[in-house]
There are 2 protein chains.
Amino acid sequence: MTDSGHDQRTETLQGPTPSAARDVIADGIDRDAIVTVYGRCTVDYDGRASSRLEAGDRHVMLKPDGAALVHTDEGQQPVNWQPPGCEHEVFCADGALVLESVRSTPDERLCVRFRDILQVSAFSGSDENDLALVGTEEDLRQRILEDPALLEAEFTPLATERDTPAGAVDIYGEDAAGRAVVVELKRRRVGPDAVGQLRRYVDALERDLHADAAVRGILVAPSVTDRASRLLTEHGLEFVSLEPPDE
Amino acid sequence: MTDSGHDQRTETLQGPTPSAARDVIADGIDRDAIVTVYGRCTVDYDGRASSRLEAGDRHVMLKPDGAALVHTDEGQQPVNWQPPGCEHEVFCADGALVLESVRSTPDERLCVRFRDILQVSAFSGSDENDLALVGTEEDLRQRILEDPALLEAEFTPLATERDTPAGAVDIYGEDAAGRAVVVELKRRRVGPDAVGQLRRYVDALERDLHADAAVRGILVAPSVTDRASRLLTEHGLEFVSLEPPDE
DNA sequence: AATTGTATGTCGAAG
DNA sequence: CTTCGACGTACAATT
């Protein structure tokens, strides 16, 4: 029933007894392996909300950082989960295998009870490399700082992350006429929330500078929704269409 | 090397050749199984953004609905993924196993190339049961409709989901003095975005009713952040602390 | 630990 | 199909 990978980096049981499964899982957790269990189970969650999932075949993954994931055959999201930082426990109760992942602040508990275990695996690997991602809001900011004319002719950036009572402004600068400009960046199409954010920055800055001249607010994004567009007009704010660089 | 589960619901290979892995994976995709591959791989993504992940040991899951997930040993979120609706492909190139998941609108491609395959599995199961979740915003609304006094004495609900130009209001009603009241519900602690939403509803309704009397806006949530609290005061809005029912 | 803002957010419902 | 708001959002940065 036991089958070890060619270099001991995997340990797998097919159709094991609950106690055999428990031993491999406990050892896997101990060795900081990724543990997976596939089989027929019920799932209970209690914490910020509560849920119950009746019996069905699911794939459960326990990570060494304390995360737990319960996946069905549908959806990108797990049907139940637990964030990193949990304590995983495994035991047998009434002859059934039980997995529990618990955390505090807030108190949350995830409990998976198997009535049928089809397969158990423990994967011990290593992964030193981080994800390199491009096309983010930071990339968009770089693009504008390198070529401020993209925003408008004679725009001059003066600061990034400039602090205001309403939070930090993405880009702060002045236009050809020397008026203060607040720029809010979004890497994708935006809704009303971004307009509200920009509005608060502009208000805060006008109070901060206690100047008579109005502060201009410019929202930079690939596009805006209709409702957001109307809000922009209502609040006297502007919009410039720009996308993050391709690479 | 091959090991079938006791009732053919699982098929697993340990340390297979790329072509043997390809055959099991292709068959699993064909049979609408959940397919998992664990091994040393590089991952490339290109679509809304772009990313590259250099070689490391990861767990890849392909779901029959078209979702793809690449998990490292850390985090609740996959390091790379593809949403449901993709087409999975598997093939060998230069003697290496390659998985590709592609979709359109938007065009996105995820490509995983294995230089070492430690284990391949295909899980054919069934899951008829849906998740039963309690403690949601809907539960909070029910609670208030059943006992409006929780909000304030002599509050009378008149409608739920009442339409305004700014969107649908959670609960619309009137107070002891007959003034219109807009109630915005949040199941957990809220920030400035919720205040902006409520403010837009109140504005829209005041215009809609073209009445002289101001419309009251009440935010109902377990608690608010500092900044949101200040915004509420600024905008003449109110706050009532209420939590969703426990069960 | 609490707060804030971003996300390849994901998801579901409605137009 | 797009648009919109909710989510046990997760996550990182910052206080």
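Keep in mind that this is a model prediction, so the values were computed, not measured. Order of the sequence lines sets the chain letters (A, B, ...), proteins ahead of strands, with each chain counted from 1. Below, all heavy atoms of this structure are taken into account, side chains as well, without hydrogens, waters or symmetry copies.
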Q: Does A:Pro83 reach a base, just sugar-phosphate, or nothing at all? Heavy atoms under 4.0 Å.
A: base

Q: If you assign B:Ser104 and B:Gln197 each to the DNA chain D nucleotide with the nearest heavy atom, which residue ends up on the more 5' nucleotide?
A: B:Ser104

Q: Closest nucleotide of DNA chain C for A:Leu133 versus for A:Ala168: which of these residues is on the 5' side?
A: A:Ala168

Q: Look at all strands and tell whether B:Pro84 reaches a base, only sugar-phosphate, or nothing, counting heavy atoms closer than 4.0 Å.
A: sugar-phosphate

Q: For A:Arg187 and C:dT6, give me the distance from atom CZ to atom P, rounded to whole Å.
A: 12 Å

Q: Between A:Lys63 and B:Glu74, is the closest basic N to carboxylate O distance under 4.0 Å?
A: no

Q: State plainly whether the residues A:Asp203 and A:Arg199 are in salt-bridge range, i.e. N to O under 4.0 Å.
A: yes

Q: Starting from C1' on D:dA12, measure out to CD on A:Glu137 and report it in whole angstrom.
A: 13 Å

Q: Could you state the CG-P distance from B:Asp170 to C:dA13, rounded to the nearest angstrom?
A: 16 Å

Q: Regarding B:Tyr201, tell me which of base, sugar-phosphate or nothing describes its non-hydrogen contacts under 4.0 Å with the strands shown.
A: nothing

Q: Please determine if B:Arg103 and B:Glu87 form a salt bridge, counting it only when a charged side-chain N lies under 4.0 Å from a carboxylate O.
A: no

Q: Counting the atoms with a prime plus P, OP1 and OP2 as sugar-phosphate, which does A:Gly75 contact under 4.0 Å by heavy atoms, base, sugar-phosphate, or nothing?
A: sugar-phosphate

Q: Taking OP1 and OP2 of C:dT8, is either one under 4.0 Å from a side-chain nitrogen or oxygen of B:Arg109?
A: no

Q: Just how far, in rounded Å, is P of C:dA7 from CG of A:Leu185?
A: 10 Å

Q: For A:Glu184, which contact category applies under a 4.0 Å heavy-atom criterion: base, sugar-phosphate, or nothing?
A: sugar-phosphate

Q: At under 4.0 Å between heavy atoms, what does B:Arg227 touch on the DNA or RNA strands: base, sugar-phosphate, or nothing?
A: sugar-phosphate

Q: Figure out the CG/P separation between B:Asp163 and C:dG15, and round it to whole Å.
A: 8 Å

Q: Could you tell me the separation between the CG atom of B:Leu219 and the P atom of D:dA6, rounded to a whole number of Å?
A: 11 Å

Q: I'd like to know if A:Arg141 and A:Glu161 make a salt bridge, using a cut-off of under 4.0 Å between side-chain N and carboxylate O.
A: yes

Q: Suppose you measure atom P in D:dG8 against the same atom in D:dC4; what distance do you get, rounded to whole Å?
A: 23 Å

Q: If only side-chain N and O atoms of A:Arg48 are considered, is one of them under 4.0 Å from the OP1 or OP2 phosphate oxygen of D:dA10?
A: yes

Q: Using whole Å, what does the distance between atom C1' of nucleotide D:dA6 and atom CG of B:Asp139 come to?
A: 14 Å

Q: For the pair made of CG in A:Leu69 and P in D:dG8, what is the distance, rounded to whole Å?
A: 15 Å

Q: Report yes if a donor N or O on one partner sits less than 3.5 Å from an acceptor N or O on the other, where the partners are the side chain of A:Asn80 and the base of D:dG8; otherwise report no.
A: yes

Q: Roughly how far apart, to the nearest Å, are D:dC11 and C:dC11 at atom P?
A: 15 Å

Q: Between A:Ala166 and A:Gln76, who's closer to the 5' end of DNA chain C by nearest nucleotide?
A: A:Ala166

Q: Under 4.0 Å between a side-chain N or O of B:Arg189 and OP1 or OP2 of C:dA2?
A: no

Q: Test salt bridge (Lys or Arg N to Asp or Glu O under 4.0 Å) on A:Arg216 and A:Glu174 and set out the steps.
A: CA-CA 9 Å; A:Arg216 290 176 61 195; A:Glu174 61 181 31; over 6 Å; no

Q: With a 4.0 Å cut-off on heavy atoms, is A:Gln82 in touch with a base, just the backbone sugar-phosphate, or nothing at all?
A: base

Q: Does a side-chain N or O of B:Thr225 approach OP1 or OP2 of C:dT3 to a distance below 4.0 Å, or not?
A: no

Q: Does D:dA10 have OP1 or OP2 under 4.0 Å away from a side-chain N or O of A:Trp81?
A: yes

Q: Is the ring pair B:Tyr38/A:Phe123 parallel, tilted or perpendicular, if the boundaries are 30 and 60 degrees?
A: parallel

